[in-house]
Amino acid sequence: MTQKAEPEQNGALVQTDHDLRSNRLLGALEPASRKRLDPHLEPISFKLGEMVCDAGGLLQHAYFPQGSVLSLLTVLENGAAIETANIGREGAFGLFAAMYSRVSFNRCIVQLAGHTVRCPIQLLQYEFRNSEHVRDLFVSYSETLLSQVQQTVACNTMHSTEERICRWLLMMHDRAEGEALPYTHEFLSHILGANRKSVTLAAQSMQTAGLISYRRGAIQVLDRLALEAASCECYAIVKERFDAFLTPPSTAAPGHNKSRSGPSDEN
């Protein structure tokens with residue numbers, strides 16, 4: 001396992017209530033759990049492209065982005081890697097370790113630099129075992145993250161390179177809050193598992209259409225609504241799931257009460 005990030009030397013180790021709420025998962029914890037975890041939340045400084053944990057690595061901490069974005073990569077035997085999910089301030093990396101196994105199934109890298117806090121796995125395991133609220137919260141989030149993985153697999157298989165770029169840029173634009181995105185065509189081809197030439201042609205088409213501007217390794221979204229219209233349905237489906245995962249299970253995914261595949265199995 002590679003964990004190169006270092007704690008911030010000048011940051012306060014105890015997070016305020018306001019700081020906690022900058023990550024939706026931490027902000028959703030019940031007061032008793034938050035009181036136990038607060039003193040152990042440690043600010044961590046990440047750089048773009050830094051590896052948090054490699055596939056097969058043993059996790060000592062779970063990571064809660066507060067402005068950064070973490071990317072989960074599936075690594076193949078030949079060394080190739082493709083993104084299957086990304087995690088922003090709505091979630092965390094390492095919750096599966098807190099619930100079941102401490103081994104990471106994915107390689108996790110920093111997709112967007114920013115603030116993050118980490119928490120020792122042992123403390124989260126205690127909360128998971130002893131709090132029904134925490135169990136419901138962690139399972140709901142993990143199920144929602146899995147839905148992103150499944151949607152990404154379908155998207156990478158069925159949709160055009162341009163649609164996939166639009167989906168990915170929209171997800172990153174949500175997290176970057178309007179800032180320019182520091183990504184090259186080569187980076188996009190690797191992260192999407194797409195041919196470099198097809199990525200370049202798609203990006204040029206999107207720039208000509210006025211959706212984005214691209215210069216010196218930075219992408220700026222110019223027309224958000226047009227970008228959403230050019231994207232496949234995968235962005236909206238995943239966003240709906242993440243917007244709703246904190247609600248009770250019976251209403252957590254209203255969009256999934258509507259079939260997208262034909263008649264219901266019910267009579």
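Count residues from 1 along the sequence.
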Handout entry: Carboxylate-amine/guanidinium contact Arg175 Glu90, below 4.0 Å
Key = yes
Exercise for the section: Give a yes or no on whether a salt bridge exists between Asp174 and Arg89, defined as a side-chain N under 4.0 angstrom from a carboxylate O. Expected result: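 Salt bridge absent between Asp174 and Arg89.
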Once rounded to the nearest 0.5 Å, what's the spacing between atom [atom1] of [X] and atom [atom2] of [Y]?
X	Y	atom1	atom2	value
Arg164	Met158	CZ	CE	12.0 Å
Leu169	Gln220	CG	CD	11.0 Å
Trp168	Cys155	CH2	SG	13.0 Å
Arg196	Ser189	CZ	OG	6.0 Å
Gln122	His61	CD	NE2	8.0 Å
Leu124	Arg129	CG	CZ	11.0 Å

Handout entry: Aromatic plane relationship, Phe128 with Phe138 - under 30° parallel, 30 to 60° tilted, over 60° perpendicular
Key =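 Correct class here is parallel.
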Exercise for the section: Would you please classify the geometry between the Phe242 ring and the Phe245 ring as parallel, tilted or perpendicular, with 30° and 60° separating the classes? Expected result: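 It falls in the perpendicular class, over 60°.
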Practice task
Take Asn86 and Leu70, measure what side chain to side chain contact (heavy atoms under 4.5 Å, CB included) needs, and give me the verdict at the end.
Solution key: CA-CA 6 Å; Asn86 51 58; Leu70 306 180; over 6 Å; no
Taking [X] for its side chain and [Y] for its backbone only, find out whether a donor-acceptor pair lies under 3.5 Å.
X	Y	answer
Ser68	Pro65	no
Asn106	Ala55	no
Thr144	Ser140	yes
Glu163	Ser160	yes

Problem - Evaluation steps, side chain to side chain contact (heavy atoms under 4.5 Å, CB included), between Ile237 and Cys234 - result: CA-CA 5 Å; Ile237 291 171; Cys234 298; 5.7 Å; no
Is there side-chain contact between [X] and [Y], with at least one heavy-atom pair below 4.5 Å?
X	Y	value
Leu201	Thr161	no
Val149	Leu72	no
Ile219	Leu188	yes
Met172	Leu112	yes

Exercise for the section: Go through His185 and Tyr214 one step at a time and tell me if the ring-ring contact (aromatic ring centres under 6.0 Å, His included) criterion holds. Expected result: CA-CA 10 Å; His185 291 176; Tyr214 174 81; 4.3 Å; yes
Practice task
Decide if the gap between the ring center of Phe187 and the ring center of Tyr183 is smaller than 6.0 angstrom.
Solution key: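 Yes; Tyr183 has its ring centre under 6.0 Å from that of Phe187.
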Exercise for the section: Kindly indicate, with the supporting measurements, whether the criterion side chain to side chain contact (heavy atoms under 4.5 Å, CB included) is fulfilled by Arg167 and Thr152. Expected result: CA-CA 10 Å; Arg167 168 187 62 82; Thr152 300; 4.1 Å; yes
Problem - Pair Ser33, Glu127: side-chain N/O donor-acceptor within cut-off below 3.5 Å - result: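 Indeed, the side chains of Ser33 and Glu127 share at least one donor-acceptor pair under 3.5 Å.
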Handout entry: Chi angles and distances behind the side chain to side chain contact (heavy atoms under 4.5 Å, CB included) call for Ser142, Phe96
Key = CA-CA 7 Å; Ser142 298; Phe96 283 116; 3.8 Å; yes
Problem - Leu41 to Cys119 - nearest heavy-atom pair and separation - result: CD2-CB, 3.7 Å
Problem - Derivation and outcome, salt bridge (Lys or Arg N to Asp or Glu O under 4.0 Å), residues Arg224 and Glu228 - result: CA-CA 6 Å; Arg224 169 79 189 207; Glu228 291 182 14; 2.8 Å; yes
